[in-house]
Amino acid sequence: MTDTTERNYVEQARRDKRAALEAQGVRPFAYGYDRSHTAAESAGAYRDEMGEAGPEVRVAGRLATFRDQGKTRFAHLEDASGRIQLYFRRDALGRQWELVELLDADDHVGVRGTLFRTRSGEVTIRVSELTLLAKALRPLPRGKRQVADDGAEQVFGGLQDPELRYRQRYADLAVHPEVRAVFQLRARVVRFIRRFLDERGFLEVETPVLQSLYGGASARPFHTHHNALDIPLFLRIADELYLKRLLVGGMERVYEIGHDFRNEGIDRTHNPEFTMLEWYMAYADYHAVAAMIEELLVGLVRELFGGTQLVRHDERGRPVALDFTPPFPRLRFVEGIRDHGGPDVLSATDDEMRAALRRAGVPGDVAASCGGGKLIDEVFKAYLEPHLVQPTFVLDYPKALSPLAKAHRDDPRLTERFELFVLGRELANAFSELNDPDDQRARFEDQVRQRAAGDEEAQHYDADYIRALEYGMPPAGGIGVGIDRLVMLLADQPSIRDVILFPAMRPES
RNA sequence: GCGCCGCUAGCUCAAUUGGCAGAGCAAGUGACUCUUAAUCACUAGGUUGUAGGUUCGAUUCCUACGCGGCGCACCA
């Protein structure tokens with residue numbers, strides 16, 4: 001990594017120009033610029049009948065290209081809206097030509113000038129006044145892009161190293177409009193979700209990130225400490241238990257979009273902090289929640305892409321045609337595994353399930369190292385999950401896997417729970433919420449026993465939550481949706497790092 | 001935590017069996033008043049991730065470490 005205090009010859013040249021500017025009395029870092037048009041608006045403001053006498057515009061942005069051609073120069077100014085070409089002529093700029101000669105690619109400038117169309121056909125600003133807004137003392141790692149006649153773009157060089165792209169996201173964003181587009185899409189997704197829930201009477205709330213007792217999921221937490229209270233605290237691993245307390249308090253429909261923190265490995269689908277949407281609705285069961293997430297997802301796909309058919313890439317980079325036309329197929333967990341050649345997880349012994357895992361090619365040590373609920377989960381992953389490519393609901397999970405879900409009304413061995421899968425990845429997890437305090441107490445006690453037996457991810461006994469349930473929580477349905485994974489799907493990005501602006505990294509050196 | 005791969009100029013990449021560390025772009029100087037990967041000429045730019053080792057000689061081989069990518073494990 002480059003030491004920021006050591007200057008290479010490229011940066012030295014820019015610092016020399018800065019010094020020359022200051023010697024001329026030019027501020028290298030201005031305070032603002034009054035622009036009349038964005039780059040895109042400027043291009044749209046020109047009509048061919050205007051000829052050489054197009055309207056005057058003032059635009060501000062970064063010099064994305066800069067071509068020295070003696071007594072003229074061409075540049076492209078890039079702002080958030082796009083690019084527009086600039087044309088500098090020495091005879092038109094007079095004394096300001098000295099300033100032009102001290103510009104570099106990547107500088108922020110404001111220009112005033114009139115629009116015209118060049119002989120080669122590009123709408124361009126003939127610059128009459130130039131203002132330096134911010135000198136770029138370090139060159140951006142730009143590639144050169146060639147735009148073919150058909151609009152196809154080829155980039156030469158540029159910022160490729162994934163380590164630099166994630167560490168210096170500012171540079172990645174500055175040189176890659178397509179990366180900016182991913183995060184614009186992400187914002188549209190979140191905006192759509194908020195609007196969807198707000199329109200249906202949901203209240204957006206914020207619950208504690210710092211918790212003295214964490215719960216609502218199976219995961220290891222981050223630890224911290226409050227100095228004034230002198231107590232240990234944990235960063236939340238889920239919002240669930242606080243949001244359901246709000247149902248007790250009479251808030252019938254609530255949601256929260258925020259970060260959860262899980263102290264676990266980092267890979268293509270896991271970042272230690274990630275964005276979770278959870279919503280809870282009183283007087284609804286998991287079927288109602290399924291109908292709603294289906295409506296949300298279909299609405300989102302239609303809003304963003306104008307239809308329900310999408311081509312996306314699986315983890316091996318192969319294109320897959322996805323059909324979001326509702327209703328999505330609904331499979332039952334136990335039957336689904338059986339129908340794909342797996343064992344009946346309700347009646348099979350642990351040994352039978354281990355044998356089934358071996359048949360499916362799962363390494364023996366994996367199968368041997370777990371039992372009970374985890375073993376069932378392994379069987380699910382081996383036999384059913386690989387088939388869940390199209391949007392699919394999997395319903396009615398065994399009770400051992402779901403300590404916060406209500407028992408199934410028709411089969412006490414199951415819970416009223418579903419997960420939504422797309423492209424083999426879990427996007428959402430929901431249930432008819434367990435609101436019987438005595439049943440919840442028994443489930444917590446079971447979790448405590450598993451923790452005592454060495455399961456670090458088993459949940460804690462949350463006495464305050466039981467007390468809340470004892471006051472009476474209305475029947476309710478609730479769901480958790482991983483926003484990062486949803487954006488990965490919609491933006492067709494292969495890694496969660498590509499949808500998180502600053503993904504977790506080890507510190508540099 | 002384990003395995004594989006990578007780390008060379010500001011960026012993207014070369015370097016034969018272990019034998020003078022190179023190119024394109026970017027940069028500097030010069031030419032050029034409609035260019036757009038501008039073009040042309042010249043110039044400069046390196047502790048080859050870090051620390052050791054083997055060797056007459058290491059970008060290359062060995063060991064350790066650092067950072068990253070991918071896979072595995074963990075993790076709904």
Side-chain angles (χ1 to χ4, degrees), chain A residues 1-2 6-14 16-17 52 64-76 83 85-93 97 104-106 116-122 124 126 137-148 153-168 171 175 217-220 237-238 262-272 274 315-316 363 365-366 369-370 373-374 376-378 380-381 385 394 397 401-402 417 419-421 425-429 456-457 480 482 485 494-495 497 503 505-509:
Chain A
M1 301 311 99
T2 311
E6 267 181 27
R7 272 171 221 146
N8 60 56
Y9 60 99
V10 182
E11 288 160 30
Q12 190 56 51
R14 294 188 176 215
D16 291 346
K17 287 180 188 171
E52 290 286 300
T65 65
F66 195 60
R67 294 183 292 281
D68 175 357
Q69 210 179 325
K71 297 181 188 64
T72 69
R73 286 182 201 198
F74 284 91
H76 278 95
R83 291 183 175 198
Q85 184 168 251
L86 307 180
Y87 179 43
F88 299 94
R89 287 173 65 100
R90 193 170 75 171
D91 57 9
L93 280 158
W97 185 253
D104 287 296
D106 311 323
F116 73 109
R117 192 182 287 282
T118 63
R119 270 177 226 152
S120 47
E122 182 164 353
T124 299
R126 181 184 282 105
L137 296 176
R138 182 186 291 267
L140 282 169
R142 291 184 186 278
K144 291 209 154 190
R145 49 188 70 209
Q146 181 178 32
V147 183
E153 206 169 72
Q154 191 180 357
V155 177
F156 302 82
L159 184 57
Q160 301 294 331
D161 182 347
E163 179 170 0
L164 288 184
R165 289 189 47 220
Y166 298 139
R167 279 195 201 286
Q168 300 185 29
V175 303
S218 303
R220 286 193 279 178
I237 60 172
R262 298 187 184 177
N263 205 340
E264 283 149 4
I266 297 173
D267 63 26
R268 277 202 306 188
T269 56
H270 296 84
N271 195 65
F274 59 99
E315 64 281 359
R316 291 188 195 171
D365 52 333
V366 174
S369 68
C370 56
K374 294 198 76 167
I376 294 174
D377 201 35
E378 289 296 326
F380 168 75
K381 284 182 186 171
E385 201 175 63
V394 177
Y397 283 60
L401 293 175
S402 316
R417 171 184 178 189
E419 292 190 331
L420 172 60
F421 287 84
R425 281 201 289 262
E426 179 207 333
L427 278 191
N429 177 27
E456 283 188 72
E457 280 137 18
R485 292 182 185 179
S495 168
R497 292 181 199 93
M505 303 279 279
R506 281 186 201 275
E508 287 180 74
S509 61

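Everything numeric here is computed off the predicted structure, so don't read it as measured data. Here is how names work: the chains are called A, B, and so on, in the same order as the sequence lines, proteins then strands, and each is numbered from 1.
A donor N or O paired with an acceptor N or O is not found under 3.5 Å between the base of B/U36 and the side-chain atoms of A/T65. No hydrogens or angles were tested; on distance alone, a donor-acceptor pair under 3.5 Å links the side chain of A/D68 to the base of B/C32. You won't find any donor-acceptor pair under 3.5 Å spanning the side chain of A/Q160 and the base of B/U12, going by distance alone. Between the base of B/U35 and the side chain of A/Q85 there is a donor-acceptor pair shorter than 3.5 Å. On a pure distance criterion of 3.5 Å, no polar donor-acceptor pair joins the side chain of A/Y9 and the base of B/G28.
Only the C1' atoms considered, B/U59 is 14 Å distant from B/C20, to the nearest whole Å. Spacing between B/A58 and B/U47 at atom C1', rounded to whole Å, works out to 14 Å. The separation of B/U50 from B/U8, taken at their C1' atoms, amounts to 15 Å, rounded to a whole angstrom. Between B/U17 and B/C62, the two P atoms lie 15 Å apart (nearest whole Å). Only the C1' atoms considered, B/A21 is 10 Å distant from B/A14, to the nearest whole Å.
Across all strands shown, B/C70 is found opposite B/G3 as a Watson-Crick or G-U wobble partner, with both distances under 3.5 Å. B/U29 is paired with B/A41 under the criterion used here, namely a Watson-Crick or G-U wobble arrangement in which both key atom distances are under 3.5 Å. The partner of B/C65 is B/G49, judged by Watson-Crick or G-U wobble contacts that both fall below 3.5 Å. Nucleotide B/G57 forms no Watson-Crick or G-U wobble pair with any nucleotide shown, as no partner meets the under 3.5 Å limit on both distances. With both pairing distances under 3.5 Å, B/C13 is matched to B/G22 as a Watson-Crick or G-U wobble pair. Figure legend. B/U35 is base-paired to no nucleotide; pairs are counted as Watson-Crick or G-U wobble with both atom distances under 3.5 Å. Pair check for B/U8 finds none; no Watson-Crick or G-U wobble contact set falls under 3.5 Å.
Across all strands shown, A/R425 has no heavy atoms under 4.0 Å from either base or sugar-phosphate atoms. A/F274 comes within 4.0 angstrom of nothing in the nucleic acid, heavy atoms only. Residue A/R268 is in sugar-phosphate contact alone, with no base atom involved, counting any heavy-atom pair closer than 4.0 Å across all strands shown. Within 4.0 Å of A/R90, counting heavy atoms only, lies no atom of the nucleic acid at all. Counting any heavy atom pair closer than 4.0 Å across all strands shown, A/R145 reaches sugar-phosphate atoms only and no base atom. Backbone-only contact: A/G157 has heavy atoms under 4.0 Å from sugar-phosphate atoms and none from a base.
A search for salt bridge (charged side-chain N to carboxylate O under 4.0 Å, His left out) contacts involving A/R268 returns nothing, not counting sequence neighbours.
Distances shorter than 4.0 Å separate none of the side-chain N or O atoms of A/R138 from OP1 or OP2 on B/A26.
Taking the charged nitrogens against the carboxylate oxygens, A/D106 and A/R138 have no contact shorter than 4.0 Å, which rules out a salt bridge. Between A/K71 and A/D91 there is no salt bridge, since no side-chain nitrogen of the basic residue lies less than 4.0 Å from a carboxylate oxygen of the acidic one.
Looking only at distances, a side-chain donor or acceptor of A/R485 sits under 3.5 Å from a matching main-chain atom of A/T269.
A/Y397 carries A/R417 over the face of its six-membered ring, with the cationic atom under 6.0 Å from the centre and within 45° of the normal.
For A/F156, the side-chain atoms get nearest to B/A37 when compared with the rest of B/C70, B/C34, B/A37.
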